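Since the structure comes first, as structure tokens, the remarks are kept for the end.
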Amino acid sequence: MGEIVLDVVNQRTAFATGRGMLTAVSGVSLSLERGKTLGLVGESGSGKSVLARSIMGLLPRAAVTGPGSRVLLNGRELTRLSERELRPIRGAEMSVVFQDPMTSLNPTLTIGKQLTETLRFHKRLSKAGARQRAVELLRSVGLPQPEIRVDQYPHQLSGGMRQRAAIAIAICCDPDLLIADEPTTALDVTVQAEILDLLQRMVREHNMAMILITHDMGVVAGRCDDVAVMYAGRIVEQGPVREIFHRTRMPYTAALLSSIPRISDPAHRRLDAIGGRPPDLIDPPPGCAFAPRCKHVSDRCHRVRPEPVTEAGHMYACHYPLGMKEPA
Amino acid sequence: MADLTSQGTAGKTPDTTDAHEAALLAYARKKKLSPFLYLPVAWLVFVILLAVFAPWLGLWPADEIDWVALRVPPGANEAHPLGTDHLGRDMLSRLIYGARVSLTVGFAAPAIGVGFGMVLGMAAGYWRGWIDEVVGIAIDSWLAIPGLVILLLFALVFGGSLFMVCFSLGLLFIPTAARITRAATMKFANREFVLAARALGASDLRILVREILPNVIWPLIAFILIDIPIAIVIEGALSFLGLSVKAPTPSWGGIIAEGREYLETAPWISLIPTAVMFTTVLSFNLVGDAIRRRMADVRESQV
Amino acid sequence: MRYLLRRVQRLAIVLAAVTLVTFLLVNVLPGDVAYEMAGINSSEEEVQEIREDLGLNRPVLVRYWDWVTGVFTGDWGQSFVNKEDVWETIVHRFPVSFELMLLAQLMALAMAVPAGMICAFRPDSTADKIIGGIAFASVSMPSFMSGILLIYFFSLNLGWLPATGYEPLSEGLWANLKPMLLPALSLALVEWTILMRTLRAEMISVLQEDYISLARAKGMSNFRILLGHALRPSSFTMLTILGLQVARLLGGTVIIEQIFGIPGIGRLLIHAVFTRDYIVIQGCVTFFALVFVAANFLVDVAYAWLDPRVRNERLSHG
């Protein structure tokens, strides 16, 4: 067992809307060891990004965190910290890479400025020292001509290079936890693998823990140690990658797995998409949230929400798990 | 409806319905007009009624000079409740007659501007082509000339009749009104109901008046609402410079300007009309803003 | 290069339109300047003589052409009333108006930027509502009214600042600034609200951007985020408004200079209007248009400074 970096206990995050309380994350628990990568998978709207923002404490003001929710980073509880107390932790102990580097980098500041301000704040480096470190960092993330790039603006870089710069910003203070929120979704297919490789390398070199958020099970396959599948604000299946891929229990996970595009597929083939849409999170139905879209649904699924079951490190929440003779 | 949803959430996760959440929810739902709005509405009704019925209120004639009561402060002389100005003219009477000028210009100038602008904008947006081109150039040139210059020159050339003040001020509102109308007309010109009317053999004029006009009129009304206080302010500035209605016809800006000389000895001559004009303009702004928001909400909920 | 040409072209059209319209308007004035100059008891022949002297009996368009060609050679004509050279009078008086406008705009910005940032930081908070209310009141108070009130309170009651007058810069900076503060403030009190609202609206949407989230994720303080990360990308519309406001400020100076007795172009124009000194009116209006165009050109330049994307586009174009 390695050192636990992140512990999330019963995280609940809700938003006040004109129609009522929208519960985006309801009762999620997970923990992550140093050096490990957790793949957090789900459709858009499943609550995975909100979970990431809850961990970072980057929620909008209309958000409410449940009273029993706790986020512990390196054993310290973040949930009750004030914004001021969080500041030295953010960027230094935990950091984030967002989906679209076009929108996540400030268009009016140079790459160097966006890197050095973090270094200078957390590491108290001098102006010259921060700049030198910035160049080194840009080189380490594989940005060609870092001495020139450091003085350029985001729009002067290609999408892939921008994301490399964003990764450099994220890792500049050697964080213990890196959250990568769909880091390749906005990028060209050709550079997606490069960016994922880079992230993997960074996890290794800096000995971090990483949460890799994606909607694509294919991304998870070779790059994560564990997978957590989210649906309608809950983790519905969780376990080691190999286990999840080979002994899928939850029909939703199975549907996600079957929608991975394969190289053998003809181009633009319609994916084996899951019919229907995620449920309304303001007034969710009482039973299993996936029931309306599930192929194996029964009456019980609509009435009673399945409690999570854990066997040999593999957790799932389903009344009729796949690959089993008897209902759990 | 609202109760159902909140109960639904509360029922499922009872541990999280705290006061903070309730407050946030209440805030998210709130879409009410402020009760403060009654005050400006009441003030506007009051001022409008006084202005309309001014001749029957038994006031002093606005330009009659009371030689025995020069610069009487407010409250010192029962015959002049708001006092008199430097020429012994009754302040109350001058204020109320001044309100006639301000309100007439306030309502007429935007209406004139919107009237012309609407015709131009509808023509440009409906027929497009060279008409659009010509109207566009005219609007651009019009906008390039500072509004004040237009007003100064018109005041000079055409003199200070109330009609000319309304008209020249109205000209300032034409370009924006035309642009708004043009955009709205273009949006509706290709809608099904217009195409259907055309297929049924309706003439262009009929389509413009019966089908398009009712749709473009709403943004224009909002525009008029915003422009009423602006027109009042500009008229005030003009009469302050002595370029609006000719003296001795009282106007708010004119009274303020006249009182400037006596700010030290008889400050009320300037300060009372300043307060009245400020309250009126503020009221128009508040009411216009509230109505505009309401209209935006309605449009939002229709989408 | 093409961009520059297009701007120059537009500038020329605007100036031509402005000057032509004013020229035509001024020249249909009933009772022309010749009557005024000749005096009340003059005969028709005397008036006619003056007209010929001034060249007023020629067709309007011919006179316009003469005047336009004159402008290009620096000959803006001479005042009919006091025979002073129009261009020299304008050049002499403009710095006064310019100082007033600059001071007003600086004051407006100094009020609008912090207020807009406070409002955008927590929309619908108490601070936002209070500032919004002040702005509403402020915009309902035209400058000629706030000018009167400022004089009443600060000059007559408190005696802190002079009510009227002007001191040249040669008398010292404070002596020069002192009588300018109230007039500039009364102009600024109207203008700041528009700037504040524009900045607030744009900053609210900028604060939703991912790069603001990232700045927070990097541990930056709210103050630093607002000032260092959000202000620049939030100022584009405000800057455009700043340029457009020059037209309104020019109008404002006409009134404010009248109230506070400041010898700038605004007063020159009003004086010319009342004496029907049309060549001076013509000069003032033309100059106003020039200032307006120049101000908007400066806004373009500032745009490039604010937004590196525009900067590079410009560089690669010309």
Side-chain angles (χ1 to χ4, degrees), chain B residues 27 30 34 36 40 137-138 140-159 229-230 232-243 252-253 256-257 259-260 263-265 267-271 273-286 289, chain C residues 10-11 13-22 24-30 124 133 136-149 151-152 155-157 163 190 244 246-248 250-255 258-259 266 269-270 272-274 276 278 281 284-285 288-289 291-293:
Chain B
Y27 179 74
K30 168 189 87 173
S34 154
F36 285 120
I137 290 173
D140 280 351
S141 315
W142 200 225
L143 279 176
I145 307 175
L148 178 97
V149 168
I150 297 175
L151 287 173
L152 283 183
L153 295 178
F154 265 73
L156 258 184
V157 177
F158 300 109
I230 296 178
I232 293 179
V233 164
I234 299 177
E235 192 281 328
L238 272 185
S239 54
F240 187 87
L241 290 172
L243 293 166
W252 288 347
I256 297 175
R260 193 164 40 122
L263 214 46
E264 215 154 352
T265 49
W268 63 88
I269 302 176
S270 272
L271 297 190
T274 300
V276 169
M277 192 167 165
F278 170 68
T279 315
T280 308
V281 171
L282 181 63
S283 299
F284 270 118
N285 276 332
L286 287 170
D289 188 61
Chain C
R10 213 184 135 70
L11 187 151
I13 293 175
V14 166
L15 289 178
V18 173
T19 51
L20 184 61
V21 169
T22 35
L24 292 179
L25 271 174
V26 170
N27 279 284
V28 293
L29 280 176
D124 286 312
F136 232 108
S138 199
V139 86
S140 303
M141 173 78 75
S143 56
F144 67 92
M145 278 159 60
S146 55
I148 293 278
L149 289 182
I151 288 180
Y152 183 67
S155 303
L156 299 183
N157 279 6
V190 179
L244 293 173
V246 169
R248 289 164 45 104
L250 283 168
T253 53
V254 172
I255 294 166
Q258 197 73 4
I259 297 178
L269 174 61
I270 286 292
V273 164
F274 281 119
R276 321 225 137 160
Y278 85 72
I281 299 179
C284 288
V285 170
F288 275 15
V291 171
F292 180 68
V293 169

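Lettering of chains follows the sequences in order, A, B, ..., and the numbering in each one begins at 1. The structure presented is a predicted model; accordingly, all values stated were derived computationally and were not measured.
The parts of B:T274 that come within reach of chain C are both its backbone and its side chain, each placing non-hydrogen atoms under 4.5 angstrom from that chain. Interface remark: C:I259 contributes backbone and side-chain atoms alike to the contact with chain B (heavy atom separation under 4.5 Å). Within the 4.5 angstrom heavy-atom criterion, only side-chain atoms of B:L243, from C-beta onward, approach chain C. The contact between B:F278 and chain C is made by backbone and side chain atoms together, counting heavy-atom distances below 4.5 Å. Only the side chain of C:I270 has a heavy atom closer than 4.5 Å to any heavy atom of chain B. Of the two parts of C:I148, the backbone and the side chain both hold a non-hydrogen atom closer than 4.5 Å to a non-hydrogen atom of chain B.
Nearest heavy-atom pair across C:P142 and B:V233 is CB-CG1, 3.4 Å. Here the closest heavy-atom approach between residue B:M277 and residue C:M145 is recorded as SD-SD, 3.8 Å.
Considering B:T280, B:L286, B:N285 as possible partners of C:S140, the one that fulfils the side chain to side chain contact (heavy atoms under 4.5 Å, CB included) test is B:N285.
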I would like to know whether C:L149 and B:L271 meet side chain to side chain contact (heavy atoms under 4.5 Å, CB included); could you show each step before the answer?
CA-CA 8 Å; C:L149 289 182; B:L271 297 190; 3.5 Å; yes

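Residue with the most contacts toward chain C among B:L263, B:V281, B:I232: B:L263 (heavy-atom pairs, distance under 4.5 Å).
Counting only heavy atoms from C-beta outward, the side chains of C:V254 and B:L241 approach each other to under 4.5 Å.
Separating the OG atom in B:S239 from the CZ atom in C:F144 is a distance of 6.5 Å, to the nearest 0.5 Å.
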